[in-house]
Structure formats: C-alpha cells, structure tokens
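Contents: one structure, followed by commentary.
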Amino acid sequence: MILALVEHDRGKPNPLSLEALTFGRRLAERADVPLHAVLIGSEARPLADLSAAYGASMVHLVTHERLADFAPAAWAQSVVEVVDAVAPEAVLGAGSDRGNEVMAHVAAKIGLAMAANCVEVEPREPYVVTRLRWGGSLLEEARLEGVPKLLTVAPHAVAAEEVSAAGEPAVETLTPALEDEDLRVRVMGRTEAAEGRVSLPEARVVVGGGRGVGSADGFAMLEELASLLGGTVGVSRVVTSLGWRPHAEQVGQTGTRIAPDLYIACGISGAIQHMVGCKAAKQILAINTDPEAPMVAKADYAVIGDLRAVVPAVITEIKKALDG
Amino acid sequence: MNVLVCVKRVPATGGRITLTPDEQEIDTRFLGFTVSPHEECAVEEAVRLIEAHGGTSVVLTLGPSVAEEQLRDALAMGIGEAILLQTDGREWDPIATANAIVDVVRSREAAGMAFDLLLFGNEAADTGDYQIGIRVAHVLGLPCVAGIKALEVRGGAAVAQREADGGREIFEVSLPAVFAVKEGINLPRYPSVPGRLKAKKKEIHRIVPEKRGGGLEKVRLKLPEEQQGEVEILGSGPEAAPRVVEVLQRLGIVPS
C-alpha cells in the first residue's frame, strides 16, 4: 500500500497534503494497491474524514501525550512505527518545509534514500522519479531505491482532487514509543503574524523591484504604485543582498513564492531563481531598459524604458483614471 | 565554542540553464560559481557566533578540487579553517555526502576538537535535497532544527526561530546541535580586501573521503517545458503609461 503523511498545524491541514494524497491515490491506482493516510497527534483526528475524501481507505492515527505540538523527530518516529506496522511500498509527504523535514528524519531513522519534491513517479523497481532541482527551473530524473520508497510531492505537481465515492474511513489508532531524544526539538513558543499588511504570498498585485530601482530610496515610488493598486512590494535577491530592502520581501527560490493576478516587475532582469518565485503570477508586466532581458521575454506585457521615469508616469495616469 | 559550517559550490546560473549534451550536468563553461545562498548565510552566522562568543570555526565542502574557491570565500568572510572533501566532481547522493561529513566530525571529536554547533544550509540551491543536516544529526545522535531564520546561543543552549504562516516558531535545544539555516537569517558581509588576502594564504585541508551509502541516483537532467507566450510591448518610456493603465483596467485591477 501507499502511505501518505497528512501534515497539519495544530489540527489545521496543510493544503499541500491534499495534493500529496491525490498524488498518492493515483500512484496507488497504478500499482493497484490501497492508499492509507497517517495523521499525527490527537488534534488531527478530525482530519480522518478529509483524508478519506481525498482517497485514503484507511487512516493511521498516531496519538501520544507528548505529541501536543510539532516535533519533527517525534513525527518521524510516528511515521516509522506505522511503516513497521503496515509495511507500505512507498511513503509520501508534502514538499513543504515540514513535509520535507519530517520525511528526511524518517529516511535518516530507517536508513534509506529520500527524494524531495517529486513531480512524477514511475512505480517500478527501483522507482524512477522526476524531481525538482533549482526550485523547479530544472528537472532531474533519478532512480530511488529502498523499501519503502520515501519521497515528497512537489507543491502543485497535481491539483488536489476529492474522490467521488468516499466512504467512512477505517481508523486504526497507534501509540508510538517516543524517546526523549525524539522530543529535544519541538515548538516551544510562537510569535504570531503581524496584522494589517498585505502578505506577499496572498497579494493580488505585487510590484517587484530589482537592481534597476537604483537605491533604497527608489522604492518609494514602487510603494506608492503598490498601494494605489491594493498590492504590496516584492524584490529580487540582489536588492536584499545590497541591504536596500528586508529579506521578507524577497521573491524567489530562497525567498517567497508569489501567485498574484498581476506582477509588475520593475528593473528585474529575471534570473531563474527569481522566476521560480513569480511563475505562478497570472500576468506579468515588465518594465525594463533592456528589451532582451529574460523577464521581458517571459512577461505578458512590457514597457521598455527606465522604471524611474515610467513608474511615476503610470502613477499619474492611474490617479487620473481613479479620479475619472 | 567550535562551529562547523558545511557549504556547497553551485553554478551562478543567471537567466537560463543549458545542459551538457549527455544531460548529466548544467553546461557551466560560461558560468561562474558561488556558495549556495542558504549556506552563505550559514557562513555569516558562524563568523558572527565566533565574533560574539570566541572559539574556532571550520568550513567544509564536498566537491571537486576547484571548490577550494568557495572555501576561500568563506575564509575571506572570517572563517578560521577549511576542509575540502575532494571528489572527482561527480555528484554524491545525500546519504553518501552525510556519511563523509560525519567521518570528519568524528575524527575531529577523537582529536579533542568536538563541534558545539554544526551549521548547514536548509537545502542546496541545485539539488534541493532538504536532508544533509538532518542525516548528519541523526547519525551523530544530535538534535537538528531546520529552516531557521534566527539563532541565539546562551551558555550551553541555543534558541532558534523559524517562519510559519507569517509568524515564528521558537525552538530551544542544548548544544551540541545541528542547525539548517535559511537565507534571511542575516545579511552576509562582503569580504574585506585584507580578509581576501589572508584567505589566499591559508592552507586548505584536503581529504579524500570514503564513499558509503547511496540510493538516490541521477539518471538525467531535463529542462521543464516552457509555456512561452508572446509578450505585448506597450511602448517605450513614460509615454507608455496610458497603455499600461488600459491593461490594468482590462485586467480589472484599476476600475474603468
């Protein structure tokens, strides 16, 4: 059987886990085996029905008084004990921070290979997986050995899909033998998100600035444009490396992935590491002095020119339209 | 305090990737190389820890002879010592890489130079395996906090933070411990000229590592299919502004 880890934060499911379930269900169908889900912590109990809705015929609920909050090694131990009990042919996690982390711990505990961020799996022996490199700018075809096969599913490799006739899932409860070692790393406190600002991953409009903005002060006009459009500012890596803007605004492989309706990329050349961060934008408008810049080639619309002249003109024009 | 920081040499890829004809590597004939971004921040963090608490810092990489360049970059930033686990340049999978790092840590420990902190990047820019630090921690029996964006050492313990849903999660562990760092934890310094000169003269400890373990083997690389559309050029310079606003109205972002 295929086992999928359904990741949650204090009971709230990670949507990427539903994609992992869908990915797992299709893999299970091809291999003609059932799909089971593993849920960790008693707070996850209500997610059994959700797991069934996305194709799991059985749910392994791992509970322990010390599984109150996220603890990567304890979660991994929980998965390992389910693996020992049910001997799956593959274990899948979501290609999220936690998913990759927990599956890496599982792999280290079992002593097997793990393939992170897979987009395709050929279930023969050994598995042939296609996985992301360079944040998705490049793909690798690789052979994955071991029983079980351990892998994570790249975000948005598939769209999460409910099954038509989901039954009541069978729930098997298990209490793992957790060692103190498994709980050395656990969430011991939190600071909550600041309220009020438009968050970069959820913004409908992102106004991006790159080296072409020229200085930290140059961002004032991008701020103004973003605020007129109800959006927020994002930046390329060079801008944070130069200390012009904080890293929290960085869009790209080592920053934030954005998915706005419109990305206005100002003075950004379009390095691959940046493009993987903004490729989910529905539309891209590039403002760049270089018509040959990769960003211009990948944009839907472009203005060729210096953003320091173009952006103020656009702001004036928008204000006219708004006053209309 | 003794700090180990592990880095990876990766190509500075720029606007597009080209593969070698055998589809085994990125064609790097016209590319420079750099330290993978998360690891560059790990190096900076190691230097700051030693500046604040005293002690020694060691940078380690597994790679070809020319990876010496990235070790010297780290030395120029202020790391004290460099170890090159020299390979023929072919990729080692995560298990083999972690085992080779473990061997170094254990031999230092046997020589009375145990590390208090082992810093890694959260994932390498190229292979994105998300597991080297965790595997090393597991074999050594150490705790590992991954994905950290803040680190503070107090006495024999460390408090680390990572981002989650716009907020932060806080972890506290006693040392020795492993940390996998994310970019943004700090802003890496540019090496000074004297730092660079000093780094040039430093000895690099070269070790030929023993390759043990595997299980994830590259077959070939391929470029993702590009959904290339046509770009509509709206004009040049500020005169294009009215057409920009037309587009914004068409997209429903500015009311028309």
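Keep in mind that the numbers below use all heavy atoms, side chains included, and drop hydrogens, waters and symmetry copies. Lettering of chains follows the sequences in order, A, B, ..., and the numbering in each one begins at 1.
- Between the side chains of A:Thr254 and B:Glu183, at least one donor-acceptor pair of N or O atoms lies under 3.5 Å.
- With respect to A:Lys320 and A:Glu317, a salt bridge is recorded, a charged nitrogen being found less than 4.0 Å from a carboxylate O.
- Panel note: side chain B:Thr28, backbone B:Leu31; no donor-acceptor pair is recorded below 3.5 Å.
- Checked by atom type and distance alone, the side chain of B:Arg135 never pairs as donor or acceptor with a backbone atom of B:Ile132 at under 3.5 Å.
- Proximity to chain A is absent for every atom of B:Glu23, based on heavy atoms less than 4.5 angstrom apart.
- Both the backbone and the side chain of B:Val231 come within less than 4.5 Å of a heavy atom in chain A.
- For A:Ile318, the parts lying under 4.5 angstrom from a heavy atom of chain B are both the backbone and the side chain.
- Between B:Glu232 and B:Arg243, at least one side-chain nitrogen of the basic residue sits less than 4.0 Å from a carboxylate oxygen of the acidic one, meeting the salt-bridge criterion.
- Among residues at least two apart or in separate chains, side-chain hydrogen bond (donor to acceptor under 3.5 Å, both in side chains) pairs with a member in residues 282-291 of chain A are A:Asp261-A:Lys282.
- The distance from the CD atom of B:Glu217 to the CD atom of A:Glu141 is 11.5 Å, given to the nearest 0.5 Å.
- The side-chain heavy atoms of B:Phe120 and B:Ile101, taken from C-beta on, include a pair separated by under 4.5 Å.
- Listed options B:Asp126, B:Leu216, B:Val244, B:Thr13 were ranked by heavy-atom pairs under 4.5 angstrom with chain A; first place goes to B:Asp126.
- For the set A:Pro126, A:Gly95, A:Ala113, the entry with the most heavy-atom pairs within less than 4.5 Å of chain B is A:Ala113.
- Of the atoms belonging to A:Ala309, heavy atoms from both backbone and side chain fall under 4.5 Å from chain B.
- Inspection of non-hydrogen atoms places B:Glu91, B:Ile95 of residues 90-98 of chain B under 4.5 Å from chain A.
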Exercise. Could you walk me through whether A:Thr256 and A:Gln250 pass side-chain hydrogen bond (donor to acceptor under 3.5 Å, both in side chains), step by step?
Key: CA-CA 6 Å; A:Thr256 301; A:Gln250 186 175 312; over 6 Å; no

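- Contact tally against chain A (heavy-atom pairs below 4.5 Å) for B:Asn122, B:Leu19, B:Leu221: the top residue is B:Leu221.
- The choice from A:Arg143, A:Met188, A:Glu145, A:Arg190 that makes the most heavy-atom pairs within less than 4.5 Å of chain B is A:Arg143.
- Heavy-atom pairs under 4.5 Å with chain A were tallied for B:Asp165, B:Val136, B:Ile253, B:Val139; the largest tally goes to B:Ile253.
- Looking at B:Ser36, its side chain never comes within 3.5 Å of a backbone N or O of B:His38 through a donor-acceptor pair.
- In terms of heavy-atom pairs under 4.5 angstrom with chain B, the leader among A:Val128, A:Leu262, A:Asp306 is A:Leu262.
- For a residue to count as touching a neighbouring chain, one of its non-hydrogen atoms must lie under 4.5 Å from one of that chain's; by this rule B:Arg220 touches chain A with backbone and side chain alike.
- Contact tally against chain A (heavy-atom pairs below 4.5 Å) for B:Leu223, B:Leu251, B:Thr127: the top residue is B:Thr127.
- Salt-bridge check for A:Glu120 with B:Lys222: failed, with every basic side-chain N at 4.0 Å or more from each acidic carboxylate O.
- Heavy-atom distances place no part of A:Lys149 under 4.5 Å from chain B, backbone and side chain included.
- Options A:Gly305, A:Gly146, A:Ser137 differ in how many heavy-atom pairs under 4.5 Å they form with chain B, and the most are formed by A:Ser137.
- A salt bridge is defined here as a Lys NZ or Arg NE, NH1 or NH2 lying under 4.0 Å from an Asp or Glu carboxylate O, and B:Arg48 with B:Glu44 meets this definition.
- If you tally non-hydrogen atom pairs under 4.5 Å between each of B:Val10, B:Asp129, B:Ile185 and chain A, the highest count goes to B:Asp129.
- Neither the backbone nor the side chain of A:Ala286 comes within contact range of chain B; no heavy atom of the residue lies under 4.5 Å from a heavy atom of that chain.
- Of the listed residues (B:Arg168, B:Gln131, B:Glu230), the one with the most heavy-atom contacts under 4.5 Å to chain A is B:Arg168.
- Across A:Leu112, A:Val205, A:Leu322, the residue that shares the most heavy-atom pairs under 4.5 angstrom with chain B is A:Leu112.
- Note on A:Glu140 versus B:Lys218: no salt bridge recorded, every NZ/NE/NH1/NH2 to OD/OE distance being 4.0 Å or above.
- Looking only at heavy-atom pairs under 4.5 Å with chain B, the residue among A:Met275, A:Met103, A:Arg204, A:Glu181 that has the most is A:Arg204.
- With a threshold of 4.5 angstrom between heavy atoms, A:Lys279 does not approach chain B through any atom at all.
- Side-chain polar atoms of A:Asn100 and A:Thr152 form a donor-acceptor pair below 3.5 angstrom.
- The cationic group of A:Arg98 lies under 6.0 Å from the six-membered ring centre of A:Phe70 and within 45° of the ring axis, placing it in a cation-pi geometry.
- Judged by distance alone, with hydrogens and angles left aside, the side-chain atoms of B:Glu172 form no donor-acceptor pair with the main-chain N or O of B:Val159 at under 3.5 Å.
- Using a 4.5 Å cut-off between heavy atoms, B:Arg162 contacts chain A through its side chain alone, with no backbone atom that close.
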